[in-house]
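What follows is a short report on a single structure.
Order of appearance sets the numbers: ligands from 1, and atoms from 1 within every ligand.
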Amino acid sequence: MVRDKRILLIIGGGIAAYKALDLVRRLRERGAKVRAVMTAAAQQFVTPLSVGALTADHVFTDLFDRQDEQDVGHIRLAREADLIVVAPATADLMAKLAQGLAGDLASAVLLATDKPVLMAPAMNPRMWAHPATRRNHAQLKADGVSFIGPNRGEMAESGEAGEGRMAEPLEIVAAVAALLDDAAKPLAGKRILVTSGPTHEPIDPVRYIANRSSGAQGTALAAALRDLGASVVFVTGPASVPPPSGVEVVRVETAREMLAAVQAALPADAAVMAAAVADWRVANQGAQKMKKDGSGRAPALEFAENPDILATVSKGDARPRLVVGFAAETETVVEHATAKRLRKGCDWIVANDVSPATGIMGGAENAVTLISAAGAEVWPRMAKDEVARRLAQRIAEALA
Ligand code: C5P
């Protein structure tokens with residue numbers, strides 16, 4: 001994915017700097033050429049000696065080093081890379097670039113470059129949440145800087161939990177690959193079907209039965225798969241978030257319409273069924289709007305079971321190589337989801353607890369457990385976008 005690419009890694013001063021060492025290894029084992037710049041603060045956490053041993057190159061630390069300036073120079077350093085990665089990107093480095101400050105080598109290189117920049121922020125959750133950092137983040141994004149993370153989790157230095165933990169080296173590698181080259185996208189040439197959103201099951205021409213699914217997770221997934229180069233067919237019920245751009249959108253309303261749309265979209269390399277499909281539809285649907293008849297008696301609705309789209313696809317002739325289901329549960333999540341995986345015949349189940357107290361349904365975050373034949377893997381709570389990116393990466397690995 002990143003073979004023969006020249007990556008300039010700027011290491012900022014934070015405890016997550018130790019992960020930059022692993023990042024160098026991961027990039028180099030994939031054939032990238034990595035050159036490193038370290039800030040003065042970074043050198044308080046890891047030494048240029050260890051970084052240089054891993055990059056097998058000179059490590060640049062000083063804007064005013066006459067030898068370095070003569071041999072390479074900060075402008076060449078900034079321009080000779082295919083991509084600049086800042087990991088960890090501290091609040092200080094973000095603030096410097098957002099303001100256009102260039103008082104040290106790292107910030108001067110960032111200001112002088114004409115190449116894409118990817119930042120992997122890492123800082124204390126309060127620093128990340130501070131209005132100043134929020135402003136800088138928004139400004140940098142508007143200036144075209146890409147970001148990976150931060151993730152939620154426990155902070156190495158304080159044990160505090162929250163958003164601010166640097167993305168893992170492999171996630172950064174995936175983001176690097178996605179940024180570098182369209183042809184290098186691991187899902188290029190793959191067709192992936194994603195279902196999303198709720199379904200609406202009519203009671204009569206004006207009323208329907210629905211559920212609280214917003215379609216946010218399915219939408220994020222479709223976007224993440226698209227970003228890795230997949231051609232995505234996005235079959236969506238009436239969701240409350242708009243579908244992503246750059247995918248083929250098929251809008252449906254009922255479960256039966258969704259099944260038909262899914263079957264029409266096959267064959268595909270993978271199917272990810274994130275829709276919250278209604279289990280039942282109203283069997284005695286009114287052809288006209290139901291009226292009160294003055295008797296005080298409420299009409300009795302009768303239900304019929306909807307087709308199980310996931311099971312139908314998993315057991316069907318045109319079964320994609322990888323079928324992923326979701327399981328929204330409110331109790332004994334792993335047990336129910338493990339049984340569901342076997343019953344429905346899919347490869348993976350992404351299980352989550354949607355009890356109202358979790359705030360997950362309709363919220364921006366998700367806490368999932370990935371269940372496969374290998375067992376249950378508990379993921380920390382993180383943004384739905386981040387769940388999507390990780391899942392897309394795993395799908396890319398499974399289809400590789
Ligand atoms: O059985 P349950 O609704 O909990 O299973 C959830 C998974 O099954 C999701 O992946 C959902 O998209 C899928 N499903 C389906 N068709 C149904 C019900 C659920 O594809 N009728």
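Atoms of ligand 1 lying under 4.0 Å from any heavy atom of G325, numbered from 1 in the order shown and given with element: 10 (O). Atom numbering of ligand 1 starts at 1 in the shown order; those under 4.0 Å from a heavy atom of K340 are 1 (O), 2 (P), 4 (O), 5 (O). For ligand 1, the atoms closer than 4.0 angstrom to any heavy atom of P307 are 16 (N), 17 (C), 21 (N). Under a 4.0 Å criterion applied to the non-hydrogen atoms of D279, ligand 1 contributes the atoms 3 (O), 18 (C).
Under a 4.0 angstrom heavy-atom cut-off, E329 registers as lying outside contact with ligand 1. Contact between A255 and ligand 1 is absent, with no heavy atom of the residue lying under 4.0 Å from the ligand.
Atom CD of E377 sits in a crowded spot, with more than 12 heavy atoms from other residues, nucleotides or ligands closer than 6.0 Å. Crowding of Q288 atom CD: a count of heavy atoms from other residues, nucleotides or ligands under 6.0 Å not exceeding 12.
Residue-to-ligand polar distances place F326 within reach of ligand 1: an N/O pair is separated by less than 3.5 Å. Distances between N or O atoms of A276 and those of ligand 1 include no value under 3.5 Å. The distance criterion of under 3.5 Å between nitrogen or oxygen atoms is met by L310 with respect to ligand 1.
For the pairing with S213, the side-chain contact (heavy atoms from CB on, under 4.5 Å) check across P198, S196, S240, P238 returns one residue only, P198. With respect to M119, the side-chain contact (heavy atoms from CB on, under 4.5 Å) criterion is satisfied by exactly one of V85, I172, V86: V86. When each of R6, R3, K5 is paired with D82, the salt bridge (charged side-chain N to carboxylate O under 4.0 Å, His left out) condition holds for R6 and for no other.
At a heavy-atom distance under 4.0 Å, no atom of V313 approaches ligand 1.
Residue, atom and distance of the protein heavy atom nearest to atom 11 (C) of ligand 1 are A275 O, 3.3 Å. Regarding atom 14 (N) of ligand 1, its nearest protein heavy-atom neighbour is K344 NZ, 3.8 Å. Counting protein heavy atoms only, atom 16 (N) of ligand 1 is closest to I309 N, 2.9 Å.
Taking the six-membered ring where the residue is Trp, W128 and H137 present tilted rings, their angle falling between 30° and 60°.
Between R66 and E69 there is no salt bridge, since no side-chain nitrogen of the basic residue lies less than 4.0 Å from a carboxylate oxygen of the acidic one. The pair R165-E168 counts as a salt bridge, with a side-chain nitrogen and a carboxylate oxygen less than 4.0 angstrom apart. Under 4.0 Å is where a charged nitrogen must lie from a carboxylate oxygen, and between D92 and K96 at least one such pair does.
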